[in-house]
There are 2 protein chains.
Amino acid sequence: MTKPLFLIIVLITILSSTSASRRFVGTHKTHNNINVVQQQYTYDIKYFEQTLDHFSFSDNLPKFQQRYLINTDHWVGPTRMGPIFLYCGNEGDIEWFAVNSGFVWELAPRFGALVVFPELTFSRSRFGLSSPYSEHRYYGESMPYGGRDEAYKNASTLAHLTAEQALADYAVLITDLKRNLSAEASPVILFGGSYGGMLAAWMRLKYPHIAIGALASSAPILQFEDIVPLETFYDIVSNDFKRESTNCFDTIKKSWDVITSVGQKANGLDHLAKTFLLMRSSDDLSNWLDSAYSFLAMVDYPYPSDFLMPLPAYPIKELCNRIDESPDGTTILDRIFNGVSVYYNYTGTVHCFDLDDDPHGMSGWDYQACTEMVMPMSSNRNSSMFPEWDYNATSYAEDCWDEFRVIPRPTWITTQFGGRNIKSVLQSFGSNIIFSNGLLDPWSGGSVLENISDSIVALVTEKEHILTMDELGHLKGAHHLDLRAATADDPDWLLEQRATEVKLIEGWIADYCKKKKAVFNM
Amino acid sequence: MTKPLFLIIVLITILSSTSASRRFVGTHKTHNNINVVQQQYTYDIKYFEQTLDHFSFSDNLPKFQQRYLINTDHWVGPTRMGPIFLYCGNEGDIEWFAVNSGFVWELAPRFGALVVFPELTFSRSRFGLSSPYSEHRYYGESMPYGGRDEAYKNASTLAHLTAEQALADYAVLITDLKRNLSAEASPVILFGGSYGGMLAAWMRLKYPHIAIGALASSAPILQFEDIVPLETFYDIVSNDFKRESTNCFDTIKKSWDVITSVGQKANGLDHLAKTFLLMRSSDDLSNWLDSAYSFLAMVDYPYPSDFLMPLPAYPIKELCNRIDESPDGTTILDRIFNGVSVYYNYTGTVHCFDLDDDPHGMSGWDYQACTEMVMPMSSNRNSSMFPEWDYNATSYAEDCWDEFRVIPRPTWITTQFGGRNIKSVLQSFGSNIIFSNGLLDPWSGGSVLENISDSIVALVTEKEHILTMDELGHLKGAHHLDLRAATADDPDWLLEQRATEVKLIEGWIADYCKKKKAVFNM
């Protein structure tokens, strides 16, 4: 565990884009033994000439084209103050996130809303693990400097990849869009999950004149400095496994020492490579396993899904089954391999894994984590199934310097967006934000889990962290599950959470329209 | 009138700075016939290593030293949650603004507050008219790139001279300062006048976690795009003269055509130069006069002052007296010269004016006005004493390109900070801002003159613009007069305005401490 985990890893994307308008009809994708139903969403693809640096006026920076998806089918139009739903794009191709945010599409007809999904600048895959989904390996198009390679060239070209610039992009885009549509009076509602959820919440706080409310799903805006305990993330991941099976948890916990001790033997790395079907020997195996467990904790959805990887319903249960039910005499390493294959190879089509398959050697989120999005994490041997790990700011900074030639600013995000004493700061200040979380999601630990005021509310699956085995079993939720399309397998708590969200958003809009009409009638 | 007027012109500064700590004792300055009493304020001068670009991570930008003044004499300290008063520096040397913001110093003992005056980066004189106050021609020290000439070299070095960077400077500085003083719990109150007032208001809106309230004096945050009528500024200046004397107003109004017609004659410019004691012939005379009238409207203080220039009490009255009471037969041009001498030469020591005496050819505020601080203004012949003037965005942008090689972004400030529908946007969102204005101040027209909510309040000398001659006589106030030190000549309305400000700030702090203690006692 030599590197921090980042919010979302973009491994696969759904579609490549060549035309300026398209109808997405990928309704049914069949893999070996997985059947993922995907919804039909319609949108136009448009481009907006964007300013690379909103906060300075350098004369030598190029403009660039920001891609956005737009759908006006259900919009009741400007005269009826039809709302605008703005999805705050994540660190990945926007079409991929659009397809995985069905809730926004499903709400549009009900609200008579226009839907916009702008793509985050510099959006692209974090790394390019070879996978059976290479047809999905589509990167975002919103690239400055003319293209992906140019934009990711060095610290200078990456310099403007920041959250603040992204918010400014949205503000400028939506202001222009509203003007062009004569829809200045239309209320804007922000949606976002994960990093996009953070952007949605921050956008509502920093640009209250642009958007009247935000649904920030699984948005760990408190995962900075020491606002939450540094062990939170890995403790939640560990609990997600413990609740399925103590044996599974214990096996994983024991495995790290075994891996280390095997790796240190003569030909040990080769042995590990053989066991785990690695293309070549690597000492990065622990990171690879860490990623699998952590991402499974995020996407432990109650139905088959294909967000990060094609997965069965409740994939942690499946992983633990494979560990627990391997035949007697199976070694720990083989059990672990059987288990993580649920994540990396559920379709069974991969014969060999390449841990270092990053075609460009750097990624957007890694860069952001090395500049402003510094989310310190540790792992505590007592509560975690991961190896002991203490966050070390110095070595973190050294790694960032080595990789990107940048110096992290670990206190900048809280200086810019706040986070400490968030309740007292925001209760007389902000309004209209929903922080939704599922407590099985490891990012929930850095999110807002308590109501801040009447209109800044936390929707969580359970009110508290509960740690007895019996109670662990009652925890629910996964990473921005509420933003996904409705399915027949959605549990009751999810239906309730979404119903509350709809009611709150309806309230924001009704309140806004009432005030607008009052002004109009004056 | 070929250029817009800018917020504050920094002509003179009070002190030069060579030592790291100083006691300012310039209590009494005597000029020919003007007696300006200045207060004694004590502060240390410190420097903080600041990031040039908070919103990107370019690897090739230097750090720089931001100067700030600090006084802890009256501070009751962190354990008693002693407040921190943060003055948001203006576009000029911070010592000059500190001396002209006596209210902040006077409040400190009453509140047991620490006082900080950070200097705005790139602070310096707008232009360097030769004046009898060359000993004041001190420029700010907070210069990136090693010095004034380097920082003002070109569009690239000036690129980070923006309001957003300034706010981020304050946020980073105050966060660091509080940490070093273990004063994280101390409430921060922002003060600012004019551009500094805009920064104070915006800071409260954008950084509510940093500061609990703001006194924004004479802060024209609505003077953008077409939020207020473009004629507002010049109409108020004109009314300020009309209320003193209709004849004075009419004489000025007539003078422009006379100047034009004389200037167009053979040797006309020489004639004008002789009449107005100009060092050389210039067609910039109209701008020079425009500036005099406009600045007089800003600093029409009820006592002798030395803010922009050494001036008598009620200088507009004095100017109009000189115009009106020139002997019969005095030409219009001579009357005008007699009048504006109140502004440019009240001490009578100047024998020759140089209209183009800008040693560097460019200025900070001019640059800001050419990038984000685009405040469109027009002049309407019917209501104004100035020549007809229609704002022309195209020629404005061309001038900016010629001067700085930058392209203005006229809609950026409202996109970033809002402004339209400010009442409905902020009434359920912001809190704890005082917008104070005197209605004689031409910048009041672009300020917030109506209460937005219970805690975002407007303090104005009169509730409405009143235009009959009789009512004009009752208008009061000048540019951030309330922030100046108390004097024996302060009118009653000013005492009341300040008393209300103190009461509101006391309320913010009491409310904050109550909440803090409630948390502490939990």
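In what follows, every chain begins at residue 1, and chains take the letters A, B, ... in the order their sequences are listed. The analysis underlying the following values was restricted to heavy atoms, covering all of them including side chains, and did not include hydrogens, waters or symmetry mates.
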Non-hydrogen atoms of chain B under 4.5 Å away: do they reach the side chain of [X], the backbone, both or neither?
X	result
A:E164	side chain
A:D53	both
A:T411	side chain
A:T51	side chain
A:T162	side chain
A:T175	side chain
A:I407	backbone
A:E184	neither
A:R204	both
A:V406	side chain

From A:F57 CZ over to B:Y367 OH, what is the distance, rounded to the nearest 0.5 angstrom?
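Those atoms lie 6.5 Å apart.
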How long is the span from the NZ atom in B:K515 to the CG atom in A:N421, to the nearest 0.5 Å?
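Between B:K515 NZ and A:N421 CG, I get 12.0 Å after rounding to 0.5 Å.
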Where [X] and [Y] come nearest, the two heavy atoms and their spacing:
X	Y	value
B:R409	A:S56	NH2-O, 3.1 Å
B:F429	A:G430	CE1-CA, 3.7 Å
A:T415	B:H209	O-NE2, 2.7 Å
B:S428	A:S431	O-OG, 3.4 Å

When [options] are compared by non-hydrogen pairs under 4.5 Å with chain A, the top option:
options	result
B:R405, B:Q427, B:R420, B:Q416	B:Q416
B:V425, B:L61, B:T371, B:T414	B:T371
B:A171, B:A163, B:P208	B:P208

Hey, is [atom1] on [X] packed in by over 12 heavy atoms from elsewhere, all under 6.0 Å?
X	atom1	value
A:D454	CG	no
A:E450	CD	no
A:D402	CG	yes

Donor-acceptor contact present, side-chain A:Q165 to main-chain B:F55, <3.5 Å:
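A pair under 3.5 Å: yes.
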Is the backbone N or O of A:K206 less than 3.5 Å from a side-chain atom of B:K206, with the two atoms forming a donor-acceptor pair by type?
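Yes, the answer is positive, given that a donor and an acceptor are paired below the 3.5 Å cut-off.
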I want to check something: taking the side chain as every heavy atom from C-beta on, are A:F417 and B:Y207 in contact at a cut-off of under 4.5 Å?
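Result no, sub-4.5 Å side-chain heavy-atom pair not found.
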B:W412 side chain near A:V172 side chain, heavy-atom distance below 4.5 Å:
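Answer yes - side chains close enough.
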